[in-house]
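In what follows, a single structure is set out as structure tokens and then discussed.
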Amino acid sequence: MTVLDFEVELAPDAWVDGTAAMPRPDYAYITLIDVTAGEAAVFAVWLRDSFAPAPHLVRFASSLAMANGEDTPSPLPATCGTEEIRAVLHHHLDAIARVWVREHRDCDPRRRSSVPVARIG
């Protein structure tokens, strides 16, 4: 499988790094690296509105959800703007983090405060 590393300027002096891969002819994924939910939302709206063949085809997941066994991406809203998408991504991360904390009560509390990178694919 061929993988492409990229860097995209979202706004002046606001860059996003990521990786794109296409494991099957009908499926591709993009992993954004070290981004906030707001940055991921800007990228997701651009991807959905400018590149994806249909808005309903864009889905997202987070590294924390995947680490907890959640392997089904969630659909990105097909018509919302950047702020609404940011809120959806924050809600996703908060919900997954609550589950992680509940399941790992005995772990180092410093790890509980880390928030994973959002993954869109």
Side-chain angles (χ1 to χ4, degrees):
M1 172 173 53
T2 302
V3 175
L4 171 71
D5 294 325
F6 64 88
E7 183 178 56
V8 176
E9 187 175 25
L10 293 178
D13 296 323
W15 292 84
V16 171
D17 295 325
T19 302
M22 191 169 184
R24 300 188 319 249
D26 63 339
Y27 182 78
Y29 65 87
I30 297 170
T31 302
L32 301 179
I33 301 167
D34 196 23
V35 296
T36 65
E39 292 165 336
V42 171
F43 186 87
V45 168
W46 168 81
L47 180 69
R48 182 197 67 197
D49 295 349
S50 301
F51 188 76
H56 71 280
L57 296 176
V58 180
R59 297 173 291 178
F60 70 91
S62 67
S63 55
L64 184 57
M66 292 169 41
N68 283 307
E70 179 59 53
D71 58 359
T72 304
S74 301
L76 190 75
T79 59
C80 294
T82 302
E83 283 305 309
E84 293 88 353
I85 299 295
R86 183 193 57 73
V88 167
L89 296 176
H90 268 294
H91 177 74
H92 166 80
L93 292 171
D94 290 345
I96 295 299
R98 280 192 302 275
V99 169
W100 191 90
V101 168
R102 191 170 42 247
E103 293 176 358
H104 298 88
R105 290 185 196 278
D106 298 328
C107 293
D108 181 350
R110 290 172 294 188
R111 291 190 64 193
R112 290 187 209 150
S113 64
S114 64
V115 178
V117 173
R119 179 171 186 234
I120 300 171

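Since this is a predicted model, take the numbers as computed values, not measurements.
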Check for me, please, whether [X] and [Y] land in the same ILVMFWY cluster - side-chain distances under 4.5 Å, paths through other members count.
X: F51; Y: F43; value: yes
X: L32; Y: W46; value: yes
X: V42; Y: V8; value: yes
X: V3; Y: Y27; value: no

In short, M66 meets A61 closest at the heavy-atom pair SD-CB, 4.2 Å
Nearest heavy-atom contact between E39 and D34 is OE1-O, 4.3 Å
Return all side-chain donor-acceptor pairs below 3.5 angstrom for residues 77-84, not counting sequence neighbours, or 'none' if the list is empty.
unit_1	atom_1	unit_2	atom_2	d
E83	OE1	R86	NE	3.0
E83	OE1	R86	NH2	3.2
E84	OE1	G81	N	3.0

Sequence neighbours excluded, the answer for salt bridge (charged side-chain N to carboxylate O under 4.0 Å, His left out) partners of D26 is R24
**Item:** 4.5 Å side-chain heavy-atom contact, I30 and F6
**Value:** yes
Exercise. Do the side chains of I33 and T19 get nearer than 4.5 Å, heavy atoms only?
Worked result: yes
Rounded to the nearest 0.5 Å, what's the gap from NE2 on H91 to CD1 on I96? Could you check?
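These two atoms lie 9.5 Å from each other.
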- Using the side chain to side chain contact (heavy atoms under 4.5 Å, CB included) rule, pick out the option among V88, L47, I85, V45 that qualifies with L76.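 Running side chain to side chain contact (heavy atoms under 4.5 Å, CB included) over V88, L47, I85, V45 with L76 returns exactly one hit, I85.
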Side chains of S62 and H92, donor plus acceptor under 3.5 Å: yes
